[in-house]
Structures are given as structure tokens and as C-alpha cells.
Amino acid sequence: MNSENNMETTGSNSEDEAAILAVRRSKLQKIEALGHDPFGQRFDDRSYIADIRARLPEVCLMTKSGERVSMPQEFGSEGFDMRAWLTSQDAQEFQGPKVRAAGRIILHRDTGKLHFIDIRDWTGRIQLFVGREQVGPENWELVQCLDLGDLIGVDGTLRPTKTGELSIFAEKIHILCKALDPPPDKHKGLADPELRQRLRYVDMAYNEGVLERFLDRTKIVQSIRQTLAKSGFVEIEGPTLHSIAGGAAARPFTTHHNALDLDLFMRIALELHLKRLMVGGMERVFELGRVFRNEGISQRHNPEFTMLEVYQAYGDYRSMMDLTEKIVEDALQAIGAGNVVMWGDAQIDLKTPFARRSYSELIAEHTGVDPNDWNAVKNYAESIGIEVAGRHPDVVINEIFEEKVERQLHGPVFVIDYPASICPLTKRKADNPKVAERFELYINGMELANAYTELNDPDLQKKLFETQLDGLSEEDSMAKMDHDFVRALRNGMPPAGGLGIGIDRLVMLLTGSQSIRDVILFPLLRPE
RNA sequence: GAAGGCGUAGCUCAGUCGGUAGAGCAACGGACUUUUAAUCCGUAGGUCCUGGGUUCGAGCCCCAGCGCCUUCACCA
């Protein structure tokens, strides 16, 4: 990979590359010599290509007897034979609306005195028919200076070619921006995953479906905000710089404030500040924003990712299950997907309501061991190589869950009622203090959402912050002492349901993306 | 952090047994007024990731490093 400097200066390591760039620059000069600004100007009143295509009903064929024949239903479909249809019609000429479009040149077929140029905007692609006689010498000169990748505008008439492709028959071409770097392979695009991430703009501009996937991400996020707004939740912006990185078990990034000479942490969760706001009276509140965890990178992990956390006063974790289903339902609708999404070769049915299964029931089902029988659990754990000595029973049980149950949960399934000791921020069941009112939503073995009935007992919260779980270092524990948070609880926080959803993973699921890097615009990479 | 795989033209990829580097696309020149990844003829284009080593000779073998991918660990 060349450094950027090399690519731009005479230090270029390839004559080929230098030649390609030189050719494009010479065309740029020629465009200037023809009296055009090669980087273009404001271009008013153009229509989106999808909207132009939608004007097909305005296109018609004039017959020699002066009759107007509209395009047949089958026009544009696979088996439609345009030439046969034309000969059957006593055709004179086509008429169609005048249109103006703009976009990037993605394909170019030059047949001499005729160019076919495919342009693309963010709504679709369309073919331009550019004939030498039809556009005149000035436009023709300009067309000779165009390359794949250039941004152009066009004025022309919408009508089909003889071979049946709806096209814009160009009358005037406008150069809107000369591209100086050549595009990737016109058919395969960028294939190297590293290059696709580094040159995300190229990936989006040329690779099939990439731009659309990121637009889907935007639609999903918008839909979530709408769903929550409709249900009366307000969105807030909490601090991203924390002096105590709490609310989750994760290693934080550290940073430093110079004026205060203060070490700070990038937030790892949104939870504790949102709960403070519930103390303050925000009864339905959420934040949808970035959190940072200083941990490994994988197909499902990026150091910064987007998290939704929602809190509903006077609700509980069951309210959050209903809300989760609503969020998923609405998001599917927002991207025009049905209830069934593809995940690799597998189909996942996201029809609501999702199954609700208790944690201990699932353990018993998948292992044959009663989680309340410590001796049986111990024996089972040892038999599958999980260390038992000196560790809290619930930690051992949870390892069994992760090892034996989690992967089997193709879901969607709400796993409910977790062992209390691994849930330091969660209210216990009224009739059984060993069980916490928590659920996690699993789909395809992937944890998508996590929710609690929120613990609002300040004394118990303080105690749980002070209690170190066996086998967990302070760094790994979710229970990091936050005195101010305990003080907030002493002021009275309503009983509440709280929900967290990993937005990147939700987008992965809904768009069928196997890697988190396919749904994050600019994933973390080592510098070039 | 560990193991495995990969790194060759602007892009996508071949490269046999170790014997002086190949194709398609893109580019350049030419032909073509209805093409669909247009086609046809021709031309040009290389730090084979980097640095060492073995060898008469290394894209290929060995060692070290860098980067990416996959799996695992951590984690959501």
C-alpha cells in the first residue's frame, strides 16, 4: 500500500499509476480549456434518479398514424423483447418528459459516435444515451474528457432505447466534478476488506449495496428514535468523559484533562447518568450514543460502538420486553424488510412476541443439571473443564450458561431471571432475592439486548458496589463504587425498567451483515 | 494476547519443480449511431509488503518484522 504522499507526488512508485493520474489531469486541463469548471458549480432543479424512473408512465410511443401508445406493462421486465414490440407497433418516435439528473459515472460504453454512460446517485442508477449528432460538438468535446468516477449532470429526455432500457437521451452534459483517482474494478469493486474500510468512500461509491446498507442503518436509528418518541420518551446527551467508568464490566479508555490535571475515562455505558436523571424526574428517558471499551476487536466488537439505553419510571423488565419487540418491529418496517431476515444461509423469524425462557430452565434443559443443586453443578462444571475452586456458584453457573446454552440460542428468545449475584444493578425478585429481574435477548447466539428491573435501594446498591465477586478483579467488575450514584439513589429513584440495545448488532441482524465492520462507517484501523 | 491463512500492475486475481513476471478490468491509440461487465485490433504499465539469510540464481525456501483476514481469549 502506498502512502498518501507517494500517491500524490512525483515519488509515485509506478509509471502506470503516474500515467493514469497524468491522463486524468490532462483531461482536467482540457475541460478548463473548453471553458468549464472541472470541479463544477451548484446544480439546481435536478431530480433523483429513482424519481426520474418513476416518470415512466409519461413516456409514450407515437405511431405513424399519430396515435400515442403508452409503454407496455412488461417493459423493463426480464423477458420483454423491445424490438419485437416496436415492430408490432408501426412506431414513429418516442416522447418523454424532459429531465435533469446528476450522479457519478459508474459504467461507460463507447461505440464511436455514441456513448452509453451509466450514472448513479443515492437513489439508483440510470443510463445516459449520448449521441454525437444529438448533443452537438461542444458537449461531444466534453464527453471525450469524461472518465469513470467523474460526477456529471445531464439534461435530456426520458425514453427507452431500441433494446428496451429506460435512458436519458442527453441534450446537455455538465461536468460537476472531475475525479482524479481512478475507481476500482468496475465489476468487482474493492474486494480487500482492509481497503474497503480504509477507503470507505470508495467502497460506498462503487461497491454494490454498501451505501444502501449504511442508509438502512440511518433508517433503523431514526425508527428507534421515532418509536421511543411516540411512547413518550425524551432523548438526552450524557457526558462521555467520566471520572468513574461504571455501568458495565469493561476496560475503559483513559484520557486526561490538562487544565484540571485530571485523569478521565471514556464512558463504557450510559446507565448511571440516565438513572440520575430519573431521580431528577425524567420519567421516560433514553440516550442513543457512542460508548468506548478498551478491548479486543473482532467480527462482533469494535472499540467504539453505539448503544441505546432506555429507562421507564414505574415500569419493570417486562415493560422493556414489550418495548424491545416494538423497536425491532418498527425498525424492520423502516427498512422495508419482512419478519424474516437472512443470516448467512439461515432464516431468522423475527415475528413478535419473542419466546421468553427462564435462565435456570434453559440450563436444566441444555445440561440436565439442576442449577440449584450446587453439588451437581460443581460436578458438571468440572466435567467440562470449568474451574470451580474458590469461585462464587453463580459465576460458575454463568460460565456453564455461556459455554453450553448461549450458542444454542438461535432465538429470538428473551432469557429471563438471572442469578442475582451477577447483576449488581438489578432489583431482586420480591419472592426470591437470589434471582434478579433481568433479561437478555439472544438472536442467533448473539446478545442483542440486556434489561433490568432497576435496583433503586441505595443501601443494597452500596453493598453490591462494595462486594467483590469471587474471581473478578475490580477492573472486570460491573460493581465499581460510585458514591455520587448511591447518593442519587438516596434521593429516591422510582422503580423502573431499563433496557440496553447494541445498535450495531441490531443493524447487523436486520441487514444480514456478518461483521460489525460492515455496519460501522469507519471502524478502528491501525494508521496507514 | 495465541494459532492458522493471506500480502504480486491503479483494481480483481493467476504464477507449476527455485531459472530473469502473467491475465481480466481500468488507462492510452484505432474501428464502430442502440450498448448492457459492449465488441474487435494495437500500446503501455511491476519496490512481487519490509529487512535479513540460504542458493550460481528467490515472487516461490528459511528467519525476523509490519499489515489484514479467520478462529480462540477478553467482551456487547
Side-chain angles (χ1 to χ4, degrees), chain A residues 1-2 6-7 11-24 26-27 82-83 86 94 106-118 125 127-135 140 147-149 159-167 169 180-199 202 206-207 247-251 268-269 291-308 402 406 440-442 446-450 473 475-476 478 500-506 508 514-517 523 525-528:
Chain A
M1 183 81 219
N2 302 314
N6 274 346
M7 291 168 92
S12 172
N13 54 22
S14 149
E15 282 178 43
D16 179 33
E17 188 179 0
I20 289 171
L21 298 180
V23 165
R24 290 198 171 226
S26 77
K27 286 184 183 172
M82 184 72 171
R83 287 173 196 273
L86 273 176
F94 282 104
I106 53 168
L107 284 175
H108 184 198
R109 296 172 292 282
D110 170 8
T111 72
K113 299 183 182 64
L114 204 55
H115 287 238
F116 295 92
I117 299 174
D118 288 12
R125 60 155 288 280
Q127 170 174 278
L128 311 184
F129 179 108
V130 185
R132 188 169 78 168
E133 297 310 314
Q134 290 85 341
V135 297
W140 194 247
D147 287 303
L148 293 180
R159 68 178 198 70
T161 60
K162 280 180 194 164
T163 48
E165 172 141 358
L166 188 64
S167 307
F169 282 67
L180 291 174
D181 277 1
D185 186 285
K186 71 180 177 189
H187 189 52
K188 296 191 173 171
L190 275 189
D192 180 348
E194 180 188 355
L195 277 183
R196 291 185 52 197
Q197 292 164 46
R198 265 187 215 292
L199 312 181
V202 176
Y206 298 101
N207 279 15
R251 278 166 240 261
I268 58 171
V291 298
F292 308 85
R293 298 189 181 178
N294 205 341
E295 286 159 356
I297 295 175
S298 80
Q299 252 191 319
R300 294 180 179 189
H301 299 85
N302 192 60
E304 53 177 314
F305 62 101
T306 302
M307 184 90 153
L308 168 72
E402 285 172 1
E406 213 170 277
E440 290 194 358
L441 172 62
Y442 281 91
M446 188 158 72
E447 184 195 328
L448 233 93
N450 183 11
S473 65
E475 193 174 45
D476 290 336
M478 217 188 283
I501 295 181
I503 297 299
D504 311 273
R505 288 185 174 181
L506 179 66
M508 284 169 70
Q514 307 275 316
S515 167
I516 198 167
R517 276 170 238 138
L525 293 169
R526 284 193 168 80
E528 226 169 316

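Protein chains get the first letters and strands the later ones, always in sequence-line order, with residue 1 at the start of each.
- In this structure B:rG22 sits in a base pair with B:rC13, meeting the Watson-Crick or G-U test at under 3.5 Å.
- With both pairing distances under 3.5 Å, B:rG67 is matched to B:rC6 as a Watson-Crick or G-U wobble pair.
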Is there any protein nitrogen or oxygen under 3.5 Å from a nitrogen or oxygen in nucleotides 21-25 of chain B, and what are the pairs?
residue	atom	partner	partner atom	Å
B:rG24	N2	A:Asp185	OD2	2.8
B:rC25	O3'	A:Lys186	NZ	3.3

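- With P as the reference atom, B:rU34 and B:rC28 are 23 Å apart, rounded to whole Å.
- B:rC13 atom C1' lies 6 Å from atom NZ of A:Lys188, rounded to whole Å.
- Checking the phosphate oxygens (OP1, OP2) of B:rC69, a side-chain nitrogen or oxygen of A:Gln197 falls inside 4.0 Å.
- Within the 4.0 Å cut-off from OP1 or OP2 of B:rC28, at least one side-chain nitrogen or oxygen of A:Lys27 is found.
- Taking atom C1' on both nucleotides, B:rU8 is separated from B:rC13 by 9 Å, rounded to a whole Å.
- Nucleic acid contact for A:Asn294: none, since no nucleic acid atom lies under 4.0 Å from a heavy atom of the residue.
- If you check B:rG1 for Watson-Crick or wobble pairing at under 3.5 angstrom, you find it paired to B:rC72.
- Whole-Å rounding puts the A:Phe169 CZ to B:rU34 C1' distance at 7 Å.
- Annotation: B:rC61 and B:rC17 have their P atoms spaced 11 Å apart (nearest Å).
- The shortest distance between the side-chain N/O atoms of A:Gln299 and the OP1/OP2 oxygens of B:rU70 is below 4.0 Å.
- The partner of B:rU43 is B:rA27, by the rule that a Watson-Crick or G-U pair needs both atom distances under 3.5 Å.
- When both pairing distances are held under 3.5 Å, B:rU35 makes no Watson-Crick or G-U pair with any nucleotide shown.
- Among the protein residues, A:Gly502 comes within range of no part of the nucleic acid, since none of its heavy atoms lies under 4.0 Å from any strand.
- Counting non-hydrogen atoms under 4.0 angstrom, A:Gly189 reaches the backbone sugars and phosphates but no base.
- Looking at A:Asp118 and A:Arg109, a side-chain N of the basic residue comes within less than 4.0 Å of a carboxylate O on the acidic one, giving a salt bridge.
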